[in-house]
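Accompanying notes for the structure given below.
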Amino acid sequence: MLYHKSEIGKVVFAIRNCKRRLVLDPRTQKPKGFGFVTFDSESQAQKALKAMNGRIVDGRLLFVEVAKSINSGEDASA
């Protein structure tokens, strides 16, 4: 996949002890520009959020936030 060679790919795959999923366009198989990372603990998630939110990677500003559930509007981790 192309994103492995990019700076954002390096950031995504450098995250340890977590589950990660980069969302791809089903037709082109190229990244859609967002993904999901699930951590083992709340403290790990908060540390990553603070470290990555607002960071510029490959000339793009990263926005990192806790995912919300589509059904209830609450945190997806709840």
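Just so we're clear, the structure is a prediction, and the values are computed from it rather than from any experiment.
Scored by the side chain to side chain contact (heavy atoms under 4.5 Å, CB included) test, Ile56 finds Leu61 as partners (sequence neighbours excluded). Lys32 pairs by the side chain to side chain contact (heavy atoms under 4.5 Å, CB included) definition with Val23, Asp25, Phe34, not counting sequence neighbours. Take Ser43 and apply the side chain to side chain contact (heavy atoms under 4.5 Å, CB included) test, not counting sequence neighbours, and it matches Ser41.
Of all heavy-atom pairs between Val37 and Cys18, the closest is CG1-SG, 3.6 Å.
The closest donor-acceptor contact from the side chain of Gln44 to the backbone of Asp40 lies under 3.5 Å.
Under the 4.5 Å side-chain heavy-atom criterion for ILVMFWY residues, no single connected hydrophobic cluster contains both Leu22 and Phe36. Linking Ile, Leu, Val, Met, Phe, Trp and Tyr whenever their side-chain heavy atoms come within less than 4.5 Å puts Leu62 and Val66 in one cluster.
Interatomic distance, Arg27 CZ to Lys30 NZ, rounded to the nearest 0.5 Å: 9.5 Å. From Arg21, atom CZ reaches atom OG1 of Thr38 across 8.5 Å, with rounding to the nearest 0.5 Å.
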